[in-house]
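The block underneath contains the structure these notes are about, expressed in C-alpha cells.
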Amino acid sequence: MAAEDMDQIKGDIHLTVAQGGERFRPIGEDDVETALPGEVIYRDAYDVISRCWAWRDSARVEATEATQNLLFYMENVNPQRHADHVAATAALQTRLHDYLGISTTLHVVTHDQPSVAFKD
C-alpha cells in the first residue's frame with residue numbers, strides 16, 4: 001500500500017512497466033535511484049512515485065503531517081484474495097475516520113474501469 005501527498009503529484013498517475021532508468025528518490029534516501037527494466041511502477045508526469053507496485057514510495061510525494069490531500073492505493077493481483085482486499089480497504093477507511101477524522105472516497109480501478117478522475 002502507498003500513501004502519497006496528492007498536492008505533490010504532477011499530472012496524471014500511471015501504473016506501468018518501467019523501460020529502465022526512470023528516476024526515483026526513495027523516502028529516507030538522498031540518492032536518486034533508477035527503475036529496473038520490466039519493473040512495475042507508478043509514475044506521474046515528472047518521475048516514478050512508487051516502485052515494485054506500491055512497495056517503495058518516492059520522497060517527492062511523501063505524505064507528511066502537512067499533507068492536506070492524501071492518496072492511498074493498494075493493488076490486488078490475486079482474484080482469490082478479492083475478499084481480503086475489500087476487507088483491508090474497508091478497515092483502512094474506518095481507521096482513517098475513527099482515529100484521524102478523515103473522510104474518504106473509494107475508487108476501484110479494474111480492467112473494465114481503467115481510470116479515475118479526481119476533483120480539484
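Remember, it's a predicted structure, so these values are computed and weren't measured experimentally. Every heavy atom of this structure was used, including side-chain atoms; hydrogens, water molecules and symmetry mates were not.
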Linked, directly or transitively: [X] and [Y] (ILVMFWY side chains, under 4.5 Å):
X   : Y   : result
I41 : W55 : no
M74 : M6  : no
V48 : L15 : no
Y42 : L92 : no
W53 : I9  : yes

**Report entry** Pair D98 + R95: basic N to acidic O under 4.0 Å
**Finding:** no
I need the minimum non-hydrogen distance between [X] and [Y], along with the two atoms involved.
X   : Y   : result
S50 : A54 : OG-CA, 3.2 Å
P26 : A59 : O-CB, 3.7 Å
A63 : L70 : CB-CD1, 3.5 Å
E29 : R25 : O-NH1, 3.0 Å

Query raised in the report: Can Y46 and Q8 be said to form a side chain to side chain donor-acceptor pair (under 3.5 Å), step by step?
Result: CA-CA 10 Å; Y46 184 71; Q8 303 306 313; over 6 Å; no
Report task. State whether the side chain of D44 and the backbone N or O of D47 hold a donor-acceptor pair below 3.5 Å, judged by distance alone. Result -> yes
Query raised in the report: Between T94 and H97, is there a donor-acceptor pair closer than 3.5 Å when you use the side chain of the first and the backbone of the second?
Result: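 Judged by distance alone, no pair lies under 3.5 Å.
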Query raised in the report: What do the steps show when you test I13 against L71 for side chain to side chain contact (heavy atoms under 4.5 Å, CB included), and what is the final call?
Result: CA-CA 11 Å; I13 298 172; L71 172 67; 3.4 Å; yes
Report task. Working to the nearest 0.5 Å, report the span between CD of E22 and CG of L36. Result ->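 Answer for the CD-CG pair, E22 versus L36, is 9.5 Å.
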Query - From CA spacing to verdict: side chain to side chain contact (heavy atoms under 4.5 Å, CB included), I49, D57 - result: CA-CA 6 Å; I49 61 172; D57 294 339; over 6 Å; no
Requested in this report: For E75, look at atom CD and say whether over 12 heavy atoms of other residues, nucleotides or ligands are found less than 6.0 Å away.
Outcome: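 Above 12, so yes.
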Query - CA sep, side-chain torsions, deciding dist, call: T67, D7, side chain to side chain contact (heavy atoms under 4.5 Å, CB included) - result: CA-CA 8 Å; T67 299; D7 295 329; over 6 Å; no
**Report entry** Flag for E4-Y73: side-chain donor and acceptor within less than 3.5 Å
**Finding:** yes
Report task. Take K10 and R60, measure what side chain to side chain contact (heavy atoms under 4.5 Å, CB included) needs, and give me the verdict at the end. Result -> CA-CA 10 Å; K10 307 296 183 203; R60 182 175 59 82; 3.6 Å; yes
**Report entry** Where at least one partner belongs to residues 31-43, residue pairs that pass salt bridge (charged side-chain N to carboxylate O under 4.0 Å, His left out), sequence neighbours excluded
**Finding:**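 Residue pairs with at least one partner in residues 31-43: E33-R51, E33-R56, E39-R51.
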Query - Test ring pair (Phe, Tyr, Trp, His ring centres under 6.0 Å) applied to H107 - qualifying residues, sequence neighbours left out - result: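 Scan of H107 (ring pair (Phe, Tyr, Trp, His ring centres under 6.0 Å), adjacent residues dropped) gives F118.
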